[in-house]
Amino acid sequence: MNQTTLSSGVRVRFAPSPTGYLHIGGARTALFNWLFARHNNGIFLLRIEDTDQQRSTEEATHAILDSMKWLGLDWDEGPYFQSQRLPIYKRYAEQLVNQGNAFYDTDAEGRTAIRFKMQQNVIVIDDLVHGAITFDSAVIEDFVILKADGFPSYNFACVVDDADMKITHVIRGDDHISNTPKQIALYNALGFESPEYAHIPMILGEDGSRLSKRHGATSVTEYRDKGYLPQALVNFLALLGWSPGNDQEILSIREMIDKFSLKRVNKTSAQFDNTKLDWMCGQYVMNTPIEQLTAAGKLFFEKSDIDTKNISADWLFRLIELYHERFKNFQELVDQTRFFFAHTIEYDPAATDKFLKKEGIPEMLKEVYSAISSLNSFDRQGLEGCLRDLTAKLGIGFSKIAQPIRVAITGRSASAGIFETMEILGRETTLKRLENTIKNLSGITNTVGL
RNA sequence: GGCCCCAUCGUCUAGUCUGGUCUAGGACAACAGAUUUUCGAUCUGUGAACUGGGGUUCAAAUCCCCAUGGGGUCACCA
């Protein structure tokens, strides 16, 4: 028993043009098609619409395919390339000319193309998410179907291919609504049966305008490079324009497939909210086993010019375990933990001013130094006991000592727990950083308070 | 501008098809509190919306019309 006999007959496609990376909107369109296909046990195919010889690049094709794979959107057929199907379009274009539905037309620049002759009538799209949409085709002018360079135009290639590839449902952004009457006219002229349409709402930038570069990250690649988890992006994208119908926010791929329905797709465009994506990715990080995060995290440390050659797998595991609930993407993890790896750490001026450049601090850090340097076991329990004893002896609150130590060994005023941080940093580095801080401070504190 | 689409908290949305159970629910964010060695995480709580106007109806967030606002599209780009 093969896929075909099991399938519902549903065939959908994602048809990007290779003129750039896969952007968020395209990814969401691909996802809805994929979800629809998987839900219906149908076929999801990929078609590269590379009919613009000027703007199409092979790099873009690779970037798109890579992004699809990274997101886990696997396809059953293709990728097909329109540039390799030129004879097919030519044949149909000539057929339309012969039928009297199209004509040769030479423009002012001397280029001869084939233009489709629009009929005067009313065209109705029976859209699966919008319902009936009516157009008066009198407002649509005759349009080019085969360009002077022999390549088909978008609307024509799209129709010929969707018919040829037996696409049953066209799921695409609603910026294509105004193309649809042209395509329906083409189906009619060619004698093909029109597929069903589902025009899904667009994704807008955070200010409500069309998503563009100035909104920051707009490509799937950028999110991958920042270390977002693909499942989190997929989950977030799925909830932009679709909802399972209940209050559930975190859904597994399986649940998305099971629950996906075009009936539950919105008509309203959605603004991309990076903050919520961050939250969601944080949820995924917390729910991902540390072993997995360690493997992926290692790659990010290396990419960030952090030498991991002398780092043991066990040490990395403990580091990520410590930060498990503190990072939302790997870029954040790297930023937060850089001081663990650095030979010389950078000190945040605000933090040193507030917690180190004060009277009595060097003396206190000296006490800390001598207390912990003689510890038998330099681990979190040992350190905690030791330092709690010290604060008791000195008669001060624990917070008085924790922040100066934190700044001294991490360079910043916020980090994971101070005992755990010292433990993972190790005795040698911890003591060295304390020592350096004490030295650097000696000259300074004398002047403070004068 | 022509044509087309859309309209619930700041944001994503549930509720709209099949009016009444909606003094409109959830999530993110915000704010307050709890916890705490910092930040975060976590827990508790608070504020926050049916664009406006007309209808229809015993009853409208839900149906109809108009206005307004937002978006899309008008290429030998896709």
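We name chains A, B, ... by the order of the sequence lines, and we start the count at 1 in each one. The shown structure was predicted, so the numbers you read here are calculated from the model rather than taken from an experiment.
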Here the salt bridge (Lys or Arg N to Asp or Glu O under 4.0 Å) pairs for residues 266-294 of chain A, sequence neighbours left out, are A/E249-A/K276
Salt bridge (Lys or Arg N to Asp or Glu O under 4.0 Å) pairs touching residues 163-181 of chain A, sequence neighbours excluded, are A/R85-A/D164, A/D175-A/R210
Scoring nucleotides 71-78 of chain B by protein non-hydrogen atoms under 4.0 Å (B base, S sugar-phosphate only, - none) yields SSS--BBB
Listed nucleotide nearest any side-chain atom of [X], set [options]:
X      : options             : answer
A/H130 : B/A14, B/U37, B/C6  : B/C6
A/A270 : B/C12, B/A7, B/U37  : B/C12
A/M286 : B/C12, B/A41, B/G25 : B/A41

So what's [N] paired with, Watson-Crick or G-U wobble, going by both distances under 3.5 Å?
N     : answer
B/A67 : B/U51
B/G1  : B/C74
B/G45 : B/C31
B/C58 : B/G20
B/U38 : none

Exercise for review: Determine whether the side chains of A/Q82 and A/E49 contain a donor N or O and an acceptor N or O closer than 3.5 Å.
Suggested key: yes
> Is there a donor-acceptor contact under 3.5 Å linking the side chains of A/Y284 and A/N235?
Replying inline: yes
The answer to which of A/T275 and A/E325 contacts RNA chain B further toward the 5' end, by nearest nucleotide, is A/T275
If the cut-off is 4.0 Å, is [X] near the phosphate of [N], judged by side-chain N/O to OP1 or OP2?
X      : N     : value
A/S243 : B/A14 : yes
A/N266 : B/A14 : yes
A/K267 : B/U16 : no

When rounded to whole Å, the CD to C1' distance for the pair A/E206 and B/C28 reads 12 Å
